[in-house]
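Heavy atoms only: backbone and side chains are in, while hydrogens, waters and symmetry mates are out. Along the sequence shown, the residues carry numbers beginning at 1.
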Amino acid sequence: VQLQASGGGMVQAGGSLRLSCTPSARTFSSGTMGWFQQAPGKEREFVAAFRWPGGGPYYADSVKGRFTISRDTPKNTVYLQMNTLKPEDTAVYYCAATTRRLILSNTHNRGAYDYWGQGTQVTVSS
């Protein structure tokens, strides 16, 4: 399964961006998809995820109320709507997926995901 991520760019603080992630494979009957961010010199960190059937969404505390993860099933695409962006949101954003419906605690664990997109850069200026 390949994941194609897009939608990154440069924006001023307070602005918005929407990231998209499209898997190459058909939709599976169950699974977990998420977004992670990696800032320069830092580890890749959890941002948001959901499970299906039924589960989530789940968000990192740092993005709650500002970011929204959603899925367009007919288009087989997952989105990350990012509003009220802050300079500290600057990072490369990766979408991730697994065909397993992860237990809740593992949705935050990057090691639990089997497939990764190529990453898309988000830069927020102050």
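Lys86 has its side chain out of reach of Ser126: every pair of non-hydrogen atoms, C-beta onward, lies at least 4.5 Å apart. In this structure, Phe46 and Val63 have side chains that are not in contact, with every pair of non-hydrogen atoms separated by 4.5 Å or more. With a 4.5 Å cut-off on side-chain heavy atoms, Cys21 and Trp35 count as touching.
Note: Cys95 SG to Ile69 CD1 = 9.5 Å, rounded to the nearest 0.5 Å. Note: Ser6 OG to Arg18 CZ = 9.0 Å, rounded to the nearest 0.5 Å. Note that the CG atom of Leu80 and the CE atom of Met33 stand 11.0 Å from one another [nearest 0.5 Å]. We find the OG1-CD distance between Thr123 and Gln12 to be 13.0 Å, quoted to the nearest 0.5 Å. Atom CZ of Arg51 sits about 6.5 Å away from atom OG1 of Thr32, to the nearest 0.5 Å. Between atom CZ of residue Phe50 and atom OH of residue Tyr58 there is a gap of 10.5 Å, rounded to the nearest 0.5 Å.
Here the side chain of Gln4 pairs no donor or acceptor atom with the backbone of Pro23 at under 3.5 angstrom.
For the residue pair Gln121 and Thr90, the shortest heavy atom distance occurs at NE2-CG2, 4.0 Å. Across all non-hydrogen atoms, the minimal contact from Ala112 to Asn106 is CB-O, 3.7 Å. Listed here is the closest heavy atom pair of Tyr113 and Asn109: CD1-O, 3.3 Å. Closest approach of Val92 and Gly119 over heavy atoms only: CG1-CA, 3.8 Å. When every heavy atom of Ser125 is checked against every heavy atom of Pro87, the shortest pair comes out as C-CG, 4.5 Å.
Cation-pi check for Arg71 over Trp52 is met; the charged atom lies under 6.0 angstrom from the ring centroid and within 45 degrees of its normal.
Asp61 has a carboxylate O that lies under 4.0 Å from a charged side-chain N of Lys64, or vice versa, which qualifies the two as a salt bridge.
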(request) Start with the C-alpha gap between Trp116 and Phe36, add the side-chain angles, then the distance that decides, and say whether ring-ring contact (aromatic ring centres under 6.0 Å, His included) holds. (result) CA-CA 10 Å; Trp116 291 85; Phe36 289 74; 5.2 Å; yes

(request) Apply the test salt bridge (Lys or Arg N to Asp or Glu O under 4.0 Å) to residues Glu43 and Arg110: give CA-CA distance (whole Å), side-chain angles for both, the deciding distance (0.1 Å), then the verdict. (result) CA-CA 10 Å; Glu43 292 188 348; Arg110 62 181 184 269; 3.6 Å; yes

(request) Just do the side chain to side chain contact (heavy atoms under 4.5 Å, CB included) check on Asp114 and Arg100 with the steps written out, would you? (result) CA-CA 9 Å; Asp114 301 309; Arg100 294 169 289 123; 3.4 Å; yes

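Counting only N and O atoms by type, the side chains of Thr22 and Thr77 include a donor and acceptor under 3.5 Å apart. No side-chain donor-acceptor contact under 3.5 Å links Arg66 and Tyr59. With 3.5 Å as the limit, one finds a donor-acceptor pair spanning the side chains of Ser16 and Asn83.
The one candidate from Leu85, Leu19, Thr84 that meets the side-chain contact (heavy atoms from CB on, under 4.5 Å) condition with Phe67 is Leu85. Applying the side chain to side chain donor-acceptor pair (under 3.5 Å) test between Tyr93 and each of Gln38, Gln37, Arg44 identifies Gln37 as the sole match.
Within a 6.0 Å radius of CD in Gln2, other residues, nucleotides and ligands contribute 12 heavy atoms or fewer.
Under a hydrophobic-cluster definition in which Ile, Leu, Val, Met, Phe, Trp and Tyr are linked whenever side-chain heavy atoms come within less than 4.5 Å, directly or via other members, Met10 and Val124 are assigned to different clusters. The hydrophobic cluster containing Tyr94 does not contain Val78, counting ILVMFWY residues as joined when their side-chain heavy atoms lie under 4.5 angstrom apart, directly or transitively.
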